[in-house]
Amino acid sequence: MPAPAIFWFRRDLRLHDNPALIAAADGRPIVPLFVLDDEAPGMRPLGGASRWWLHHSLAELAAGLERRGLELVLRRGPAARILAEIAAETGADSIFAGSRPEPDAIARDRALIPALRQHGVTLTLVADSLLFSPRRLMTGAGEPFKVFTPFWRAALALGDPPASSGVPGLMPGPACRGDDLDDWRLLPSTPDWAGGLRAAWQPGETAARDRLARFVDRGLGDYGRLRDLPAVDGTSRLSPHLAWGEISPRQVWHAVRGREDGTGAAKFLSEVGWREFSYHLLLASPGLAEANWRADFDRFPWVEDKATFRAWRRGETGYPMVDAGMRELRSTGYMHNRVRMIAGSFLVKHLLTDWRRGEAWFWDNLVDADHANNAASWQWVAGSGADAAPYFRIFNPVLQGERYDPDGTYVRRWLPELGGLPATAIHKPWTLAKPPRDYPAPIVDHRLARDRALAAFQSLKTK
DNA sequence: AGTTTGTTCAC
DNA sequence: TGAACAAAC
């Protein structure tokens, strides 16, 4: 019997279509391991919603492994030390893991390989979290892409990614002591704010596969028509599952490519393409979450205002579409994509708040928090990013509400205090003769805020 | 992946 | 008076 291999789960919490797991299981017994390395220097700590998700996803993964006779080992601490310890405890001489495309993770993993070799252990990393290698895609000039459309065209020209695979045969390795998941305290307790998350989500690979199958079956055909309506269940809602790798983008790709009857499929795959593009940008600009991609935004006259930032976070800006989104986020750890754009635009353009503050709030509150997507999308909405909305594209939260939530169903769902308003006033309650008493008046006037934002943008040009 | 404003042209 | 369009922000 060959020596056992450690399979190090990271953001690939699945058994299906996991190429690194297939490589590990090739004739060897497996010690499945997850390391909570939340104090690693340079690595961003998980947000609260992500920690909630991780707890349940790990529980699911452990159950799936147990059905196959394997025990998931949980350990907390610096990955380099834990991996060496587990190898020594189990006699493993190899470790396999899915590679992570984030620049800081790449640096950490690169340092791990020689460190582990000193203990006589090889670390093999298998790329599997993206459809296309972000470094392989370059413009004709050999530069990273700055615009999505040519990026995605070049990606599609590469042809189909490899077919997805099933679960390999898994042989249990030696037993190994691990932590108790509950002791990690990933779940909130005092207070327990996760009730809305529990009601909205089922973390784990099984639920991810079910959701993909159901979406391809029932949602894909109408995706182009319904994807922008937040009141409707018209999107895949796969983002948190993709963020934790409970499903792979290859599985998504091939499930969709089998069903190209409408225009929904190409549109939906291009949304997966934005995820690829975000990682492409992050690799070209490792500071994407910290620094303006466009350097001229370093001169932007951001306004620090505790009261308006607090109102935004709590969903008390007086603009129903913004507030409904922010309350959906706080309640469920999610916000519909259309509403993310409206709420994000409002924070940056109406309140002149530095996009990094919004990025940090989303990072903490989103169950689908993803370093590349979150950073690239906030820079897109702020106008500071690659292929971004031009800064003068300022969403009017009233018009956006009337266009994408015409009867106010979405707003009423998250703002029950507006439940009795007629559809004609639901997105501008202040126009009523008797505005609702328990809902705030707009914290900024749209017209004033728009002019102020345009002036701030002008100030970048004239210096 | 936008909004506002001004112009034209058909009621 | 208002829909449709273009241009500017």
Side-chain angles (χ1 to χ4, degrees), chain A residues 145-153 222-232 234-236 239 263-264 266-278 280-281 288 293-294 296-297 300-301 317 319-322 325 334-352 355 358-359 362 366 368 370 372-406 410 424 427-428 431 442 444-462:
Chain A
F145 286 92
K146 297 175 177 171
V147 182
F148 172 72
T149 306
F151 167 83
W152 191 232
R153 195 182 304 130
D222 283 329
Y223 180 73
R225 193 167 58 85
L226 301 180
R227 63 182 293 268
D228 269 322
L229 305 178
V232 174
T235 66
S236 74
S239 54
T263 55
K267 184 69 197 163
F268 178 67
L269 284 182
S270 85
E271 297 301 321
V272 182
W274 275 94
R275 176 177 180 274
E276 304 275 317
F277 186 51
S278 296
H280 182 76
L281 292 174
L288 195 66
W293 187 87
R294 271 177 56 172
D296 57 341
F297 266 72
F300 195 92
T317 69
Y319 287 94
M321 202 60 177
V322 174
Y334 181 84
M335 196 191 306
H336 187 281
N337 179 60
R338 166 59 49 184
V339 192
R340 293 189 199 200
M341 292 191 278
I342 300 167
S345 174
F346 187 87
L347 180 73
V348 173
K349 299 180 184 184
H350 287 70
L351 303 181
L352 297 180
W355 61 266
E359 196 272 348
F362 272 33
L366 281 171
D368 62 25
D370 173 291
N373 279 337
N374 200 36
S377 302
W378 270 98
Q379 295 232 40
W380 180 88
V381 86
S384 63
D387 198 12
Y391 192 81
F392 49 76
R393 272 192 198 165
I394 297 167
F395 285 67
N396 179 328
V398 178
L399 282 185
Q400 287 282 313
E402 289 171 346
R403 187 175 306 159
Y404 296 108
D405 186 34
Y410 175 75
T424 50
H427 294 293
K428 41 186 182 211
T431 61
V444 287
D445 174 72
H446 171 69
R447 162 51 73 82
L448 289 178
R450 177 183 158 82
D451 291 348
R452 194 173 56 155
L454 288 171
F457 180 59
Q458 277 299 321
S459 76
L460 300 184
K461 291 186 180 173
T462 50

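Here is how names work: the chains are called A, B, and so on, in the same order as the sequence lines, proteins then strands, and each is numbered from 1. The shown structure was predicted, so the numbers you read here are calculated from the model rather than taken from an experiment.
Going from atom CD1 of A:Ile394 over to atom P of B:dT4 covers 9 Å, rounded to whole Å. When the C1' atom of B:dT4 is taken as reference, atom CZ of A:Phe395 falls 15 Å away, rounded to whole Å. Between the C1' atom of B:dT3 and the CZ atom of A:Arg450 lies a distance of 5 Å, rounded to the nearest Å. Rounded to an integer number of Å, the gap from A:Asp387 CG to B:dG2 P is 13 Å. Look at CG on A:Asp451: it is 12 Å from C1' on B:dT3, rounded to the nearest Å. Rounded to whole Å, the distance from NE2 on A:His336 to C1' on B:dA1 is 13 Å. The CZ atom of A:Arg227 sits 6 Å away from the P atom of B:dA1 (whole-angstrom rounding). Protein atom CZ of A:Arg447 is 14 Å distant from nucleotide atom P of B:dT3, rounded to whole Å.
Ring centroids of A:Phe277 and A:Trp152 are separated by 6.0 Å or more, keeping the two rings apart. Ring to ring, A:Tyr319 and A:Phe395 are not that close: their centroids are 6.0 angstrom or more apart.
Between A:Asp368 and A:Arg340 there is a salt bridge, since at least one side-chain N of the basic residue sits less than 4.0 Å from a carboxylate O of the acidic one. At a threshold of 4.0 Å, the pair A:Arg447-A:Asp445 does not count as salt-bridged, since none of the basic side-chain nitrogens sits closer than that to a carboxylate oxygen.
A:Leu454 places a side-chain heavy atom less than 4.5 Å from the side chain of A:Ile394. Within the 4.5 Å cutoff, the side chain of A:Leu347 has heavy atoms near those of the A:Trp378 side chain. At least one side-chain heavy atom of A:Arg452 sits under 4.5 Å from a side-chain heavy atom of A:Val444.
For A:His446 and B:dT3, the shortest distance from a side-chain N or O to OP1 or OP2 is not below 4.0 Å. Applying the 4.0 Å criterion to OP1 and OP2 of C:dA8, one finds that A:Arg393 has every side-chain N and O outside that range.
In this structure a side-chain-to-backbone donor-acceptor pair under 3.5 Å is present from A:Lys349 to A:Arg393.
Sorted by residue number, the members of residues 378-386 of chain A with any non-hydrogen atom under 4.0 Å from DNA chain B read A:Trp380. Remark: A:Leu399, A:Gln400, A:Arg403, A:Tyr404 in residues 397-406 of chain A come within less than 4.0 Å of DNA chain B through at least one heavy atom.
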| said: side chain to side chain contact (heavy atoms under 4.5 Å, CB included), that's the test. Do A:Ser239 and A:Tyr334 meet it? Break it down for me. | reply: CA-CA 9 Å; A:Ser239 54; A:Tyr334 181 84; 3.7 Å; yes
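Among the nucleotides B:dG2, B:dT4, B:dA1, the one closest to the side chain of A:Asn396 is B:dT4.
Among the protein residues, A:Lys267 comes within range of the sugar-phosphate backbone only, with heavy atoms under 4.0 Å from sugar or phosphate atoms but none that close to a base.
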